[in-house]
Novice: 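Take a look at the following structure, please.
Computed over heavy atoms, backbone and side chain alike; hydrogens, waters and symmetry mates excluded. Letters go in sequence order (proteins before strands), and every chain restarts at 1.
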Protein chains: 2
Amino acid sequence: MDQPQERKSLFPSDTDVTAPAEPAFASHRCTRITPVLNRVGDKWSMQIVMALGSGPRRFSELKREIDGISQRMLTLSLRGLERDGLISRHVTPTIPPRVDYQLTDLGLSLREPVRALGAWASEHIGCIRAAQESFDAREG
Amino acid sequence: MDQPQERKSLFPSDTDVTAPAEPAFASHRCTRITPVLNRVGDKWSMQIVMALGSGPRRFSELKREIDGISQRMLTLSLRGLERDGLISRHVTPTIPPRVDYQLTDLGLSLREPVRALGAWASEHIGCIRAAQESFDAREG
DNA sequence: CAGGATCCCGTTGGATACTG
DNA sequence: CAGTATCCAACGGGATCCTG
């Protein structure tokens, strides 16, 4: 696959990185990465990414594995992930057709931070639940 | 207040990733942490968390700082974050009233994985954009 | 100032039926 | 099998007005 222009730098120091020690999350910068957070926070996308983490899957395999996802949302999520370059789609034009999905290098690299987030969630889910119950009790 | 122990490591390889090729994101496990991912992927919550990362803020300060958020969504997001135990709310019953929000220890601990995710997004945003344009070109 | 209460519209997403 | 198309209900979220 051709790259008309290579990525300029891993850390975009070109424009507005004027801040000394980084907010890195200031509003104006955030607009750039908010779509990414949206995809991560998407109800299904990260489950798909993590499912594909252990190898390619067919459409129906994913549908069975993820449990609760509708074929519509699976299709839409896969399209979105493909559009973002996180997964690739391989069609085998047999009858019946066979389509396999797998993570791209980009998708693979996303697993690490997402896993970190998942680990955080697992570690603190008890704390969160407790806070929620306490809050709900206070408010009635 | 809640976590006397320091964070063990940025990449928690210890906890529950014990399974050999285990997803750690399997559906049954995912139902527990999906709400957390939802909060992270929320349009505003992480911007609020990151804004509060550099110190407490008043309601109107947050509103001005985040830019684009409506007072309704700011209120709702703050309530959600408070309910999850990520931020605390301090009312000074003066006239006019003053309300300050700040991260709890739990909220502070969330910044790390979110920052990692933000870093990933910053690093790969160019690649993603390229993939999107390529995809859109292919599909028409 | 901080936020509650409404209204209202665009999007999300499930269920179902159909197709190559 | 791997989708596409359609309908429709639920939710998200902005704009506006009101209050302690």
Novice: Please compare B:P96 and A:R89 by the position of their nearest nucleotide in DNA chain D and report the one closer to 5'.
Specialist: A:R89
Novice: Is the phosphate of C:dG3 approached by B:R79 (side-chain N or O, under 4.0 Å from OP1 or OP2)?
Specialist: yes
Novice: How close or far is atom P of C:dG14 from atom CD1 of A:I69, stated in whole angstroms?
Specialist: 8 Å
Novice: Please determine if a side-chain N or O atom of A:K43 lies less than 4.0 Å away from the OP1 or OP2 oxygen of C:dT11.
Specialist: no
Novice: In whole angstrom, what separates B:K63's NZ from C:dA2's P?
Specialist: 11 Å
Novice: Quick one: A:L74 CG to C:dT12 P, roughly how many Å, whole number?
Specialist: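 Computing the A:L74:CG to C:dT12:P distance gives 17 Å.
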Novice: On DNA chain C, check which nucleotide each of B:V99 and A:S70 is closest to and give me the residue with the more 5' one.
Specialist: B:V99
Novice: Return yes when atom CG of A:D105 has more than 12 non-hydrogen atoms of other residues, nucleotides or ligands closer than 6.0 Å, and no otherwise.
Specialist: no
Novice: Would a 4.5 Å heavy-atom cut-off, applied to side chains only, mark B:L81 and B:R39 as touching?
Specialist: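 Contact flag for B:L81/B:R39 side chains = yes.
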Novice: Which comes earlier along DNA chain C counting from the 5' end, the contact point of B:P97 or that of A:W44, where each point is its nearest nucleotide?
Specialist: B:P97
Novice: Is any side-chain N of the basic residue among A:E61 and A:R64 closer than 4.0 Å to the acidic one's carboxylate O?
Specialist: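 A:R64 and A:E61: not salt-bridged.
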Novice: Looking only at heavy atoms, what is the nearest atom pair of B:V91 and B:R89, with distance?
Specialist: CG2-NH1, 3.6 Å
Novice: Is there side-chain contact between A:L52 and A:L62, with at least one heavy-atom pair below 4.5 Å?
Specialist: yes
Novice: Do A:R83 and B:D136 pass the salt bridge (charged side-chain N to carboxylate O under 4.0 Å, His left out) test, and can you show the C-alpha distance, the side-chain angles, and the key distance before you say yes or no?
Specialist: CA-CA 8 Å; A:R83 195 178 99 100; B:D136 294 345; 2.5 Å; yes
Novice: Which nucleotide of DNA chain D is the first, and which the last, in the 5' to 3' direction, to come under 4.0 Å of a heavy atom belonging to chain B?
Specialist: D:dG13 to D:dG20
